[in-house]
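In what follows, a single structure is set out as structure tokens and then discussed.
Each ligand, and each atom within it, is numbered from 1 in the order the structure gives. Every value quoted in this text rests on a predicted model; they were computed, and no experiment measured them. Below, all heavy atoms of this structure are taken into account, side chains as well, without hydrogens, waters or symmetry copies.
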Amino acid sequence: MLTGKTAIITGANRGIGLATVEVFAEQGAAIWACARKQSDEFEYKLREIANSNAVSITPVYFDVTEEIAVKDTVKMIGKNSKSIDILVNNAGISMERLFSMTSVKMIREAMEVNFLSQMFLSQLISRYMMKAKYGSIVNVASVAGMESEQGGIAYGSSKAAVIFSTRTMALELGSYGIRVNSVSPGFIETDMWKGRSKEVKEKILSETPLGRQGTPREVANAILFLASDMSSYITRQNIVIDGGRKSGGGLRELV
Ligand code: NAI
């Protein structure tokens, strides 16, 4: 499905990002796997995935909020790839704090990592895609950006900005053959849920028709669909991957 395509995936060292690397490699993509810090374990894992799928996967390291490092990396990727066809903006951080307890600093951090970094990287990469008149950008948002929940002021606002900006980018880039979509995962088994109380997890499961957490691979499959030509007439959309949860209400541990 992705043979001959080159993809950039951020937050590729674990969770949804690593599952996306695996799923894209299985479909034949050449991958630039972005992580914040060098790690032998990560590089070993990438070699394993690359060898078993006979594709090229190159690790690159930068903090998504460091504009100079991002720019330099994109330049290097541009020089070393015949095209940049797919960008998956996946890196993100989560946080929960009631509105009255949330500092502006915290909101700024959520905005910088989850939203502004996606904007910046998309701007740089879309220039290559505009020249090629081809590309697919997939932004990882969240159901937290669609439904307000207690404690979600910083994280939810940053993800709402991702969903909104995805739609605007799709409007502006469509005439260049670039599609822009987002995915909004719900309750997915990754490090992001480490340390959360049993009560919160049980509450979410009780509201989820499928009655279980989603896996990173289930999110990666939706990202694959949006990244590939299987979705060639789909742009400006947000696909929800949450087991059909009827959400809202609150995170009781905070109140
Ligand atoms: P995770 O915590 O395992 O992965 C987050 C990734 O982002 C890590 O690779 C981390 O190193 C990277 N990252 C964070 N800050 C960074 C920075 N400043 N520079 C470079 N990389 C940075 O969690 P998960 O679940 O895999 O998260 C991936 C995306 O999915 C995030 O955008 C998250 O908000 C979103 N998401 C996750 C949900 C879940 O239930 N796990 C639900 C909804 C959305």
Candidate with minimal heavy-atom separation from atom 44 (C) of ligand 1, of Gly186, Cys34, Gly92, Ala141: Ala141
Under-4.0 Å salt bridge between Lys159 and Glu149: no
NZ (Lys201) with more than 12 external heavy atoms under 6.0 Å: yes
Minimum-distance pair of heavy atoms, taken over all atoms of Thr190 and Pro216: CG2-CG, 3.9 Å
Residue, atom name and distance, where the atom is the protein heavy atom closest to atom 9 (O) of ligand 1: Asn13 OD1, 2.5 Å
Proximal candidate to atom 22 (C) of ligand 1 [heavy atom criterion; set Gly145, Gly214, Ser117, Ala91]: Ala91
For atom 25 (O) of ligand 1, the protein heavy atom that lies nearest, with its residue and separation: Thr190 OG1, 2.6 Å
Numbered atoms and elements of ligand 1 in range of Phe62, under 4.0 angstrom, heavy atoms: 20 (C)
Ligand-residue contact atoms, ligand 1 with Gly11, heavy atoms, under 4.0 Å: 6 (C), 7 (O), 9 (O), 12 (C)
Minimum heavy-atom distance between Ile163 and Ala141, given as atom pair plus value: CG1-CB, 3.5 Å
Those residues that, when tested against Gln38, pass side-chain contact (heavy atoms from CB on, under 4.5 Å) (two or more places apart): Asp40, Glu43, Tyr61
Any N or O of Ser142 closer than 3.5 Å to N or O of ligand 1: no
Subset of ligand 1 atoms that lie under 4.0 Å from at least one heavy atom of Val113: 15 (N)
Residue part near ligand 1, for Ile93, under 4.0 Å between non-hydrogen atoms: side chain
Numbered atoms of ligand 1 (with element) below 4.0 Å of Gly15, judged on heavy atoms: 26 (O)
For atom 27 (O) of ligand 1, closest protein heavy-atom neighbour: Met192 CE, 3.7 Å
Those atoms of ligand 1 less than 4.0 Å from some heavy atom in Lys159: 31 (C), 32 (O), 33 (C), 34 (O)
Ile16 neighbourhood, listing ligand 1 atoms whose heavy-atom distance to it stays under 4.0 Å: 25 (O), 26 (O), 30 (O), 37 (C)
Chi angles and distances behind the side-chain hydrogen bond (donor to acceptor under 3.5 Å, both in side chains) call for Asn13, Ser39: CA-CA 9 Å; Asn13 55 309; Ser39 129; over 6 Å; no
Ligand 1 versus Glu189: contacting region, heavy-atom distance under 4.0 Å: neither
Val21 versus Ala12, closest heavy-atom pair with distance: CG2-CB, 3.8 Å
Ligand 1 contacted by Pro216 (non-hydrogen, < 4.0 Å): no
Any Asn221 side-chain heavy atom under 4.5 Å of Ile241 side chain: no
Minimum non-hydrogen distance to atom 34 (O) of ligand 1, winning option of Trp193, Tyr155, Phe187: Tyr155
Heavy-atom donor-acceptor pair, Asp63 side chain to Arg36 backbone, under 3.5 Å: no
Note, Tyr155 side chain near Met192 side chain (heavy atom, < 4.5 Å): yes
Within-shell test, Lys37 vs ligand 1, heavy atom, strictly < 4.0 Å: no
Side chains of Cys34 and Thr73 in contact at under 4.5 Å (non-hydrogen atoms): no
Distance (rounded to the nearest 0.5 Å) between Ser228 OG and Gln27 CD: 8.0 Å
Protein residue, atom and distance nearest to atom 28 (C) of ligand 1, heavy-atom basis: Asn90 OD1, 3.1 Å
Other residues, nucleotides, ligands: >12 heavy atoms within 6.0 Å of Phe164 CZ: no
Atom 1 (P) of ligand 1 [closest protein heavy-atom partner, distance rounded to 0.1 Å]: Arg14 NE, 3.4 Å
Enumerated ligand 1 atoms positioned under 4.0 Å from heavy atoms of Val140: 29 (C), 30 (O), 35 (C)
Minimum heavy-atom distance between Ile188 and Trp193, given as atom pair plus value: O-CD1, 3.1 Å
Test of proximity, Ile188 against ligand 1: N or O pairs below 3.5 Å: yes
Protein contact of atom 17 (C) of ligand 1 - nearest heavy atom, named by residue and atom, plus distance: Val64 CG2, 3.5 Å
Contact with ligand 1 for Ala19, non-hydrogen, under 4.0 angstrom: no
Numbering as shown, the atoms of ligand 1 that approach Asp63 to under 4.0 Å (heavy-atom distance): 17 (C), 18 (N), 19 (N)
